[in-house]
Amino acid sequence: MKRILLVDDDETFRYALSELLSKEFEVLKSSGVKDALEKLKKDSVDLICSDYNMRDGTGLDLLHSCRERNISVPFMLTSACDSNNLSNKAELYGITFCEKADCEFLDKVRAMI
């Protein structure tokens, strides 16, 4: 079974999305950048799905840290809205962006794994 690391400091969203994804994937949950990096030290994953704006950094901070550590897996950046032009930033980094309310979220995850 494919494994996803879901990173979001919003506990309600993390729980809801985990419930949706766990029907098809093994889901590891993380509450922020630091916690995600600790999990990645011991667990391998097939996809990282990270919120953009979190208490201890951004999803792009996590992406940079992963690249510095040679962790090379598909990366999806999420946010409640694209007010920061995150879709453009994601494209520049070669990653996927998806708004949290996107009804095609699960299809996008499936396509990445």
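Below, each value reflects all heavy atoms present in this structure, side chains not excepted, and no hydrogens, waters or symmetry copies.
Residue S18 holds its OG atom at 9.0 Å from CG of L28, rounded to the nearest 0.5 Å. To the nearest 0.5 Å, atom CG of residue L62 and atom CG of residue L5 are 7.5 Å apart. Summarising the geometry, atom CG belonging to N53 is positioned 10.0 Å from atom CG belonging to D8; distances are rounded to the nearest 0.5 Å. Atom OG in S50 sits 11.5 Å away from atom CE in M76 (nearest 0.5 Å). In this structure, CG on D35 lies 11.5 Å from NZ on K29, to the nearest 0.5 angstrom.
Between V7 and V33 there is no side-chain heavy-atom pair separated by less than 4.5 Å. Residues F25 and D46 have side chains not in contact (no heavy-atom distance under 4.5 Å, counting atoms from C-beta outward). Looking only at side-chain heavy atoms (C-beta outward), F97 and K108 stay at 4.5 Å or farther from each other. Looking only at side-chain heavy atoms (C-beta outward), R67 and Y93 come within less than 4.5 Å of each other. Side chains of T78 and C49 form a contact here, defined as non-hydrogen atoms less than 4.5 Å apart. The shortest side-chain heavy-atom distance between L37 and K34 does not fall under the 4.5 Å cut-off. Put simply, the side chain of I4 reaches to within 4.5 Å of the side chain of V109, judged on heavy atoms.
Contact record, D107 with R110: OD1-NH1, 2.8 Å, taken as the closest heavy-atom pair. Pairing each heavy atom of G59 with each of F75, the nearest pair is O-CZ, 3.4 Å. Minimum interatomic distance between V27 and S22 (heavy atoms only, all atoms of both residues): CG2-N, 3.8 Å.
In the displayed structure, E26 atom CD is contacted under 6.0 Å by more than 12 heavy atoms of other residues, nucleotides or ligands. For CD of E19, the number of neighbouring non-hydrogen atoms (other residues, nucleotides, ligands) closer than 6.0 Å is greater than 12.
In this structure, D9 pairs ionically with R55, as a charged nitrogen and a carboxylate oxygen lie closer than 4.0 Å. Comment: R14 does not engage D10 in a salt bridge, judged by the lack of any side-chain N to carboxylate O separation of less than 4.0 angstrom.
Connection of L20 to M112 is established within a shared hydrophobic cluster, with ILVMFWY side chains joined at heavy-atom distances below 4.5 Å, either directly or through further cluster members.
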